[in-house]
Asks: 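Handing you a structure now.
Note on naming: letters A, B, ... go to the chains in the order of the sequence lines (proteins, then strands), and numbering restarts at 1 for each one.
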There are 2 protein chains.
Amino acid sequence: MRGNLFAVAVNLVVLTVRAERLHVLLIERGERPFLGEWALPGGFVRPDEDLVHTAGRRLGEETGADTGHAVVGHLEQLASYAAPDRDPRGRVLSVGYLAFVPDMPEPTPGGSAAASAWWPVDGTGPLAFDHDRILADGVERAKAKLEYTTLAASFCPAEFTVTDLRRVYEAVWDASLDPRNFQRKVTSTEGFLVPTAALVTGGRGRPPRLFRRGDATALHPPMLRDPHRVNDRATAAPRHDALG
Amino acid sequence: MRGNLFAVAVNLVVLTVRAERLHVLLIERGERPFLGEWALPGGFVRPDEDLVHTAGRRLGEETGADTGHAVVGHLEQLASYAAPDRDPRGRVLSVGYLAFVPDMPEPTPGGSAAASAWWPVDGTGPLAFDHDRILADGVERAKAKLEYTTLAASFCPAEFTVTDLRRVYEAVWDASLDPRNFQRKVTSTEGFLVPTAALVTGGRGRPPRLFRRGDATALHPPMLRDPHRVNDRATAAPRHDALG
DNA sequence: TCAAAAGTGTTGTCGATACACCCATGG
DNA sequence: CCATGGGTGTATCGACAACACTTTTGA
């Protein structure tokens, strides 16, 4: 068999929505190279292990699935990265995986990490290896997927309100959406949301209904990001603060 | 460095439109394993070679770019496949690449292939390795990309008519599109098509104008496949034949 | 003059936006 | 009863499907 040999790793872009902002799970490296720097969680593919199995195993370790915390979410392959000089240890190919998980308590470091934390996706410093690139690709994929799939619900807990779902879109797209039109769009899309009998009490205003995820995976017609309207929230939010 | 080692290969899903059908470039294997069976072209990643470089090199070899034939087209990474038992020789990770090329003469086998040929994508027998899966992923990606990008033009030669472009959509989607509405859509999308002064003479009917590709890469709003309308051509074509 | 293919005009429909308005709760 | 947020009704607009119609060629 011709060709030289590679070590094969999986790196995870684990996204969640916290405090109405999109966050990514990063680990502080506990070993060389890039000791002490922040990086995407990941690990090498074990013998007889398939890529998605490695990704799922590491995702569970990092998000504390072993602690009984139910992580539903979503996991899909993103792309592979194999520039010859991307790892000083030698030739390493990394397969990026993209995960969407509901908001959860602070993560517990898994693997060989010194620490782990949720970072706002636009507030990370330079990351180890080529992980800036992998992160950027993951965020872009996430933005696109919300347009034509129902995967936004993967960021939500088992039961959630329409407003919860809207905040996912707003955080991922960094845009503001009309709550009334959004409500109609998602509730009228067959199979996106399954209503429950429950209401959320205790908040201000009229109590919202609770929904579960439906069977639909595709969104027809899609919810398109208007390219002229994206990023409205960046300017709208300060204006709102000034008025309050 | 933990983890076992992999050989890393690139496999190409090279698509083109011939005789109004979507075709894929396959090679007949000239060595074991799967000697004599049909497979996607590919090759191992060389030392100091990046993935896209391997893919571009093999694409040029298979499509005869070295013969002076201008291959413009499009090349993008598709996904990686690394099931432990996918190659009987040992642990091999394959990175799939998707290529769109204009129609061209019969290919000349490159690498270690015994033969190579264009096959209709829905007429291939079972392929070697897990290449059926890679091919299916590539075709699905191609269908999706035509919706929201201008990549259909990558299947066309440097100058082409609106009808040429429509036949690309019809072949990839296996659907029939209204020529008049299609014309308006693509000619009114800023930057998709650049008109030339030339007309195509010699055919029946009014001579069509020739266009070149424009700078636009995205299609806003997208040209959506109506899920209810797909596959019309499968029934429409025989009807047309019966009438002709 | 006819057939064939390119290209334009027009109309109905559907979905999205924008926004007026009502509903249901906590203070 | 007022503020707050959930949710509905509706006018308008833009894009697209459908299809009548005109244009320009070869036979």
Asks: Distance check: side-chain N/O of A:Arg180 vs OP1/OP2 of D:dT8, anything under 4.0 Å?
Replies: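 No, A:Arg180 has no side-chain N/O under 4.0 Å of OP1/OP2 on D:dT8.
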Asks: Please tell me whether A:Asp137 and A:Tyr81 have a donor and an acceptor in their side chains that are separated by less than 3.5 angstrom.
Replies: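 On atom types as modelled, these side chains qualify, holding a pair under 3.5 Å.
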Asks: B:Arg18: what forms a salt bridge (charged side-chain N to carboxylate O under 4.0 Å, His left out) with it, not counting sequence neighbours?
Replies: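 With neighbours one apart ignored, the set is B:Asp103, B:Glu106.
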Asks: Given the rule in the side-chain hydrogen bond (donor to acceptor under 3.5 Å, both in side chains) test, do A:Ser80 and B:Ser80 qualify, once you have shown the distances and angles that lead to the verdict?
Replies: CA-CA 7 Å; A:Ser80 291; B:Ser80 292; 2.5 Å; yes
Asks: Can you identify which nucleotide, out of C:dT25, C:dG7, D:dA15, has its nearest atom closest to the B:Pro221 side chain?
Replies: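 For B:Pro221, the side-chain atoms sit closest to D:dA15.
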Asks: With sequence neighbours left out, write down each residue that passes salt bridge (charged side-chain N to carboxylate O under 4.0 Å, His left out) with B:Glu140, or none if nothing qualifies.
Replies: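 Testing B:Glu140 for salt bridge (charged side-chain N to carboxylate O under 4.0 Å, His left out), a comparison that skips the adjacent residues, returns B:Arg225.
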Asks: Please work out which residues in residues 184-202 of chain B have a non-hydrogen atom less than 4.0 Å from an atom of DNA chain D and list them by number.
Replies: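 Going residue by residue through residues 184-202 of chain B, the ones with a heavy atom under 4.0 Å of DNA chain D turn out to be B:Arg184, B:Lys185.
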Asks: Keeping A:Thr16 on the side-chain end and A:Val101 on the backbone end, is there a donor-acceptor pair under 3.5 Å?
Replies: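 Looks like yes, one N/O pair under 3.5 Å.
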Asks: Starting from P on D:dC2, measure out to CZ on A:Arg204 and report it in whole angstrom.
Replies: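 Interatomic distance, CZ of A:Arg204 to P of D:dC2: 18 Å.
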Asks: Report the distance from atom CZ of A:Phe211 to atom P of D:dG6, rounded to the nearest whole Å.
Replies: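 Rounding to the nearest Å, CZ of A:Phe211 and P of D:dG6 are 12 Å apart.
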Asks: Using a 3.5 Å cut-off and no angle test, enumerate the donor-acceptor pairs between side-chain atoms of residues 118-126 of chain A and protein atoms at least two apart in sequence or in another chain.
Replies:
none

Asks: Please output the side-chain donor-acceptor pairs of residues 196-203 of chain A that fall under 3.5 Å, not counting sequence neighbours, one pair per line with the distance.
Replies:
| from | atom 1 | to | atom 2 | distance (Å) |
| --- | --- | --- | --- | --- |
| A:Thr196 | OG1 | A:Ala198 | N | 3.3 |
| A:Thr196 | OG1 | A:Leu210 | O | 2.8 |

Asks: Which pair of heavy atoms, one from A:Leu98 and one from A:Ala142, lies closest together, and at what distance?
Replies: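 In this case the closest contact between A:Leu98 and A:Ala142 is CD2-N, 4.1 Å.
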Asks: Take atom CD of A:Gln183 and atom P of C:dC22, then tell me their distance rounded to the nearest Å.
Replies: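 Checked: the CD to P distance equals 18 Å.
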Asks: If I take atom CE in residue A:Met223 and atom C1' in nucleotide C:dT17, what distance separates them, rounded to the nearest angstrom?
Replies: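 It works out to 14 Å between those atoms.
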Asks: Could you check A:Asp178 against A:Pro222 and say which one's nearest nucleotide on DNA chain C is further toward the 5' end?
Replies: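 Checking each residue's closest nucleotide, the 5'-ward one belongs to A:Pro222.
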Asks: Measure the distance from CZ on A:Phe182 to C1' on D:dG7 and round it to the nearest whole Å.
Replies: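 That distance rounds to 14 Å.
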Asks: Give me the ring orientation class for B:Tyr169 and B:Phe182: parallel if the planes are under 30° apart, tilted from 30 to 60°, perpendicular past 60°.
Replies: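 Ring orientation, 0 to 90° scale: perpendicular.
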Asks: Does any residue of residues 155-164 of chain A have a heavy atom under 4.0 Å from DNA chain C, and if so, which ones, in number order?
Replies: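 Heavy-atom contacts with DNA chain C come from no residue of residues 155-164 of chain A; none.
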Asks: Which residue lies toward the 5' end of DNA chain D, B:Gly205 or B:Leu224, if each is placed at its nearest nucleotide?
Replies: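 Per heavy-atom nearest nucleotide, the more 5' residue is B:Leu224.
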Asks: For A:Leu177 and C:dA16, give me the distance from atom CG to atom C1', rounded to whole Å.
Replies: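 Rounded to the whole Å, the gap is 12 Å.
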Asks: Find which nucleotide of DNA chain C each of B:Arg206 and B:Asn181 is nearest to by heavy atoms, and output the residue with the more 5' nucleotide.
Replies: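 Its nearest nucleotide being more 5', the pick is B:Arg206.
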